[in-house]
Every structure is written in C-alpha cells, then in structure tokens.
Amino acid sequence: MVTVVLRIRLDLPAVDSLKGKRRILKSLITRLRNDFNISVSEVDLQDQLRVAVLGAAVVSNSGSFGHQVMAKVISRIGSEHEVILADYITETY
C-alpha cells in the first residue's frame, strides 16, 4: 500500500471576502473529489483572504499510479481560472 500526499498553495487574487474564498474552494474541492476519487481538504491559512493551502491524498497499490493521479490533479488546478497554483509538494508514504 502506497499513500501519495500533495500539499498545494493557491493564490486567489480576485477574492474580496472569506465567503468568496469558501465558495471558490468548496467548488474546486468537490470537483477534484468527484473527478479523481481523492481526499482533499483546506489544511492551512483558512483566515487568510487571498491564499489557501489544500492537502490531497490518494492510496494505491502502486506509487507510480498515485503520482500519475496527483500529476493530473496539479494539471487540473493549473487550468482553473479563479485560482493560481503558487507551489506544491508531493510526498510518498
């Protein structure tokens, strides 16, 4: 069993309230969960207005499959128009 964990830092330049931030992140998290069958949550900087940190994880038999899934997740987030992918890191356990 292999667990691949992804920590993603996002910039949200168009956000003007925490309510707007929650709306954008909730929509993004729901789409990622549905499309990739991964666990995703906001894990840090909840009170910061224009930045967010998401954590995502996938459990698999194969590390390479887990990394492929996370590469697709990163690609999808990079194509979103309301967020900017500022940084990410993956870890394998």
Side-chain angles (χ1 to χ4, degrees):
M1 177 177 75
V2 177
T3 304
V4 179
V5 177
L6 176 64
R7 184 178 170 98
I8 310 152
R9 185 175 167 274
L10 302 172
D11 290 335
L12 303 136
V15 170
D16 57 359
S17 69
L18 289 176
K19 186 175 181 179
K21 177 183 176 180
R22 283 193 306 271
R23 178 189 55 79
I24 290 169
L25 292 179
K26 185 174 180 179
S27 174
L28 176 62
I29 288 170
T30 300
R31 287 193 313 271
L32 292 174
R33 284 180 180 157
N34 291 340
D35 293 348
F36 298 105
N37 195 25
I38 58 173
S39 296
V40 186
S41 182
E42 185 178 7
V43 295
D44 201 2
L45 304 177
Q46 287 93 340
D47 294 332
Q48 298 292 320
L49 190 58
R50 292 191 172 92
V51 293
V53 178
L54 299 181
V58 63
V59 178
S60 172
N61 297 1
S62 163
S64 63
F65 175 76
H67 284 282
Q68 287 174 356
V69 170
M70 290 307 179
K72 290 177 184 177
V73 169
I74 292 164
S75 177
R76 172 70 59 85
I77 292 171
S79 69
E80 292 288 323
H81 66 279
E82 291 185 309
V83 300
I84 297 170
L85 180 62
D87 191 23
Y88 67 90
I89 186 168
T90 57
E91 297 179 24
T92 306
Y93 299 98

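Just so it is clear, the structure is predicted and the values come from calculations on it, not from any experiment.
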Is Ile77 reachable from Ile84 through a run of I, L, V, M, F, W or Y residues, each pair having side-chain heavy atoms under 4.5 Å apart?
no

Distance only, no hydrogens: is a donor on one side chain within 3.5 Å (strictly under) of an acceptor on the other, for Ser27 and Arg31?
yes

Hey, can you pull the donor-acceptor pairs under 3.5 Å for the side chains in residues 49-71, sequence neighbours left out?
unit_1, atom_1, unit_2, atom_2, d
Arg50, NE, Val15, O, 3.0
Arg50, NH2, Val15, O, 3.1
Ser60, OG, Ser62, N, 3.1
Ser60, OG, Ser62, O, 3.2
Ser62, OG, Ser64, N, 3.3
Ser62, OG, Ser64, OG, 2.8
Ser62, OG, Phe65, N, 3.3
His67, NE2, Thr92, OG1, 2.8

Heavy-atom count check: over 12 atoms from other residues, nucleotides or ligands less than 6.0 Å from Tyr88 OH?
no

What distance separates Leu32 CG from Glu80 CD, expressed to the nearest 0.5 Å?
7.0 Å

For Asn34, does the CG atom have more than 12 heavy-atom neighbours from other residues, nucleotides or ligands under 6.0 Å away?
yes

To the nearest 0.5 Å, how far apart are CG in Leu45 and CG in Leu12?
10.5 Å

Taken to the nearest 0.5 Å, the spacing of Leu28 CG from Arg33 CZ works out to 10.5 Å

Does the side chain of Leu25 reach to within under 4.5 Å of the side chain of Leu10, using non-hydrogen atoms?
yes

Nearest heavy-atom neighbours spanning Gln46 and Lys21:
O-NZ, 3.5 Å

Going by the side-chain hydrogen bond (donor to acceptor under 3.5 Å, both in side chains) test, which pairs reach into residues 5-17, not counting sequence neighbours?
Arg7-Asp44, Arg9-Asp11

According to a 4.5 Å side-chain heavy-atom criterion applied to Ile, Leu, Val, Met, Phe, Trp and Tyr, with indirect links allowed, do Ile29 and Ile24 form part of one hydrophobic cluster?
yes

Approximate separation, where rounding is to 0.5 Å, of Arg22 CZ and Glu42 CD
9.5 Å

